Amino acid sequence: MISHLAKLKNIKAVQLIMQIEILGNTESISKQHGALIIETAMATVRVAVYSPTIIRVCISKKQKAVDASFAVIQLPQGELKYTETADNIEVLTSALKLIVSKNPLRFSFFTADGKPLSSDDKRFGITLDGDKVMNYRELHDDEKFIGLGEKTGNLNRRGMHYVNWNTDAAEHTIKDDPLYKTIPFYMGLHGSVCYGLFFDNHHKSYFDFGASTDEQFTWFGADGGDMNYYFFGGQSVAEIIKDYTWLTGRMEMPPLWSLGYQQCRWSYMSAEEVLNTAQKFRERKIPADAIYCDIDYMDNFKIFTWNKQNFPDPKGMIDELKAINFKLVTIVDPGIKIEEGYKEYDEGVANGYFATYPNGELYTGSVWAGRSHFPDFFNEEVREWWGSAFTALTDVGVEGFWNDMNEPAAWGQNIPPIVKFGERYMPEVRNAYGMQMARATRAGTKKLLKNKRPFILTRAAYAGTQRNSAIWTGDNSASDEHMLYGQRLVNSLGLGGFSFIGVDIGGFMGNPTPELMVRWNSLGVYTPMFRNHAAQGMCMREPWEWGEENENIIRKDIEQRYKLLPYIYSGFYQSTQTGMPLGRTLAIDHTCDENVYDERFQNQSMFGDAILVAPVVSTEYTADVYLPDGEWYRFGTDDYFEGGQVVNVPAPLINLPVFIKGGAIIPLQSLIQSTADEGDGVLYIHVWNGATTNEFVYYEDDGISYNYEKGEYYKRIIRFDPQDRAIAFSVVEGNFSSKYQFLQVVLHGFGNEEVLNSIDNVNSPITVNY
Ligand code: GLC
């Protein structure tokens with residue numbers, strides 16, 4: 001006999017499940033505007049085919065569907081084809097099969113030929129608990145997870161739980177979560193298949209890759225909004241990245257100067273200090289392109305102002321910087337100081353541009369400037385106003401704009417949930433705030449700089465921010481472990497559509513040992529954005545602060561960066577075309593190779609198509625490096641290694657283990673001191689011997705303007721063909737004249753190391769035989 005109490009308990013349990021089980025059974029099916037609409041008692045489901053490899057599933061509570069996205073820039077372009085049986089609906093594309101079981105409603109994705117990719121957990125599927133939306137999914141025994149953007153932990157995220165809630169993660173450890181950015185996109189890998197899943201929801205969200213579930217399931221969800229996800233079925237990591245960046249956009253070509261060495265500090269306190277520092281780079285012949293003004297250039301931390309005492313003549317200062325080929329980057333934070341008579345404060349208040357409480361009072365939070373209001377970047381008019389305020393910086397010649405504190409940060413962090421941006425409350429939009437600030441900054445400065453490319457850098461981001469800004473990984477620390485995990489962040493963000501990424505070289509908080517500084521700088525050469533930065537109160541970090549011997553190593557490494565710029569620039573071009581990041585986890589090309597996920601090797605990465613970099617802590621001078629399948633050469637010595645093995649190699653401070661793939665083609669230039677230098681007009685095409693044919697897409701343009709959009713670029717395919725013993729240059733595409741009048745082929749690993757005769761860089765096809 002069941003007791004009365006037990007009966008009551010049972011009833012309660014059933015009620016609880018009913019309450020959170022939103023989907024229920026299928027009640028009707030129809031096709032509207034090209035999408036499949038499934039109605040259940042509690043929800044509307046829309047299934048849309050964006051392309052043969054991308055299917056969107058969006059589940060909203062009745063009358064709640066909001067179809068706007070900050071991330072997605074495409075509309076469905078695929079044809080919706082489906083068949084229906086008593087139990088199932090089958091949506092079929094040339095690459096994907098989605099089986100929707102009707103009762104209860106569950107979603108299962110397969111390749112078109114029927115290999116299981118990823119499915120709802122049969123028991124729980126999609127649930128709702130109050131405003132919360134959750135999706136419980138099957139976990140394959142051998143399933144690995146990669147991506148999710150700026151997340152601590154291992155390359156393989158299996159067994160980890162993460163939260164997305166953009167946070168000013170000052171002094172974070174290498175285990176903390178959440179950090180500054182929300183990129184709710186991951187890939188699952190099992191057997192010989194892979195898939196991607198982008199949960200386009202900017203409420204606070206959760207991703208659980210089998211943590212605390214006894215290997216039963218994996219789940220993700222959010223505190224509000226729709227269960228709105230895009231499923232990617234391309235059958236390689238590279239293809240999924242391509243599809244994801246098609247959906248959410250790709251970066252524009254960056255200004256060439258922003259790819260050189262950047263020197264930052266919180267803060268160079270006066271114009272004099274800025275100029276002296278820049279001048280010292282030139283005197284000591286250390287190449288560099290950019291110097292930064294952190295918050296102290298402002299008058300009392302008021303955005304869009306200059307401190308008249310310490311920076312009395314900003315234009316004069318910037319002109320002097322320009323004369324020695326330096327660009328200036330200035331910081332802007334979102335908080336606008338409360339001070340009558342301050343233009344941005346007065347205008348913002350008068351026009352209702354700031355975040356409010358529900359009763360219309362302005363929200364006040366404290367940041368560097370003290371009590372401040374926060375622009376509502378979700379409002380187009382506010383974005384335009386913000387964008388045009390940059391005249392205070394562009395009129396005097398600033399070309400780089402660093403967006404900080406845009407999680408948004410306020411002392412204490414807890415901006416109350418009742419704070420409103422227009423009609424939206426903080427919990428809904430916090431994760432997209434920084435992205436909207438970066439968007440406003442790009443749009444405004446792009447307009448003001450006319451045809452010049454602005455450099456934008458942001459700390460907070462949401463999926464899609466790659467369209468508008470470079471990113472850096474925030475306030476790291478001066479330790480070996482931070483250096484290594486920074487490399488993982490770059491790799492993980494690379495999977496999430498970002499190519500232009502930097503970390504604070506040397507570590508923001510704390511003081512690096514000279515060895516760590518040198519080591520980290522050498523890794524910076526192979527980091528997409530190469531910026532040295534330090535917090536207030538920390539020791540000076542400029543290359544000459546570390547003793548002559550170390551300065552020489554640092555110089556040599558920075559010189560290497562400058563020689564590599566033609567390769568790096570072409571790599572960024574690739575990012576603009578396919579979304580393939582410059583900094584790549586080995587999991588992109590060697591997805592099924594277990595060693596790639598081994599904690600000993602997970603920080604290794606490719607820098608572009610050809611270069612493998614193995615970070616090494618500053619206290620070790622030999623390293624175990626895993627070389628995946630293929631042929632490899634040590635950069636510098638050309639020592640040859642068979643792939644598919646772990647090699648122990650010397651790793652002195654002067655020589656970070658860097659390897660070149662057999663068959664690689666790397667264009668290098670002669671040493672220059674800044675990207676504005678003309679150079680000697682020779683492009684060196686280095687080729688490493690290999691068994692198979694290889695191609696490199698070489699790209700060049702003026703590095704400054706948007707004229708490339710009108711055809712002013714120079715692009716050609718360079719092909720290495722070991723059978724024909726030839727290096728062939730295709731006909732040039734585009735109307736730009738290369739700044740290199742001569743080409744010189746340099747061979748590595750061919751027996752006789754050879755520099756072939758220099759040839760004229762003509763636009764017609766050229767073949768060089770060896
Ligand atoms: C934040 C930034 C840091 C900057 C500092 C002062 O901590 O992350 O890079 O230097 O603010 O503006």
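Predicted, not measured: the structure shown is a model, and the values here were computed from it. Note that ligands are numbered from 1 as they come in the structure, with each ligand's atoms numbered from 1 the same way. When reading the values below, keep in mind they use all heavy atoms of this one structure, side chains included, and skip hydrogens, waters and symmetry mates.
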Proximal atoms of ligand 1 relative to Trp472 (non-hydrogen, under 4.0 Å) | 8 (O), 9 (O)
List every atom of ligand 1 that sits less than 4.0 Å from any heavy atom of Ile295, numbering the atoms from 1 in the order shown and giving each element.
-> 6 (C), 12 (O)
In the protein, which heavy atom is nearest to atom 7 (O) of ligand 1, and how far is it?
-> Asp475 OD2, 2.7 Å
for atom 11 (O) of ligand 1, nearest protein heavy atom and its distance come out as Asp404 OD2, 3.0 Å
Phe199 and Phe207 aromatic ring geometry - parallel, tilted or perpendicular at 30°/60° bounds = perpendicular
Hey, what's the ring geometry for Tyr462 with His202, parallel, tilted or perpendicular (30° and 60° as the breaks)?
-> perpendicular
Taking both backbone and side-chain atoms of Arg531, is any N or O found less than 3.5 Å from an N or O belonging to ligand 1?
-> no
Thr465 (side chain) donor-acceptor with Met435 (main chain) under 3.5 angstrom | no
Which word best sums up how the rings of Tyr244 and Phe185 line up, parallel for under 30°, tilted for 30 to 60°, or perpendicular for over 60°?
-> parallel
Just wondering, are more than 12 heavy atoms of other shown residues or ligands nearer than 6.0 Å to CD in Glu171?
-> no
Consider every N or O of Asp504 and every N or O of ligand 1, then say whether any pair is closer than 3.5 Å.
-> no
Any idea how His482 and His172 line up, ring-wise: parallel (<30°), tilted (30 to 60°), or perpendicular (>60°)?
-> tilted
Which ligand 1 atoms, with their elements, are less than 4.0 angstrom from a heavy-atom of His533?
-> 3 (C), 4 (C), 9 (O), 10 (O)
Quick note on ligand 1: atoms under 4.0 Å from a heavy atom of Trp402 include exactly 9 (O), 10 (O)
Please work out whether any backbone atom (N, CA, C, O) or any side-chain heavy atom from C-beta onward of Ile331 is under 4.0 Å from ligand 1, and answer side chain, backbone, both or neither.
-> side chain
Contact (N/O only, under 3.5 Å) between Arg459 and ligand 1 | yes
Do the two ring centres, one from Phe354 and one from Tyr363, sit under 6.0 Å apart?
-> no
So, is the end of the Arg531 side chain (NZ or CZ) under 6.0 Å from the ring centre of Trp402 and within 45° of the ring's axis?
-> yes
Does any N or O atom in Asp294 lie less than 3.5 angstrom from one in ligand 1, N or O only?
-> yes
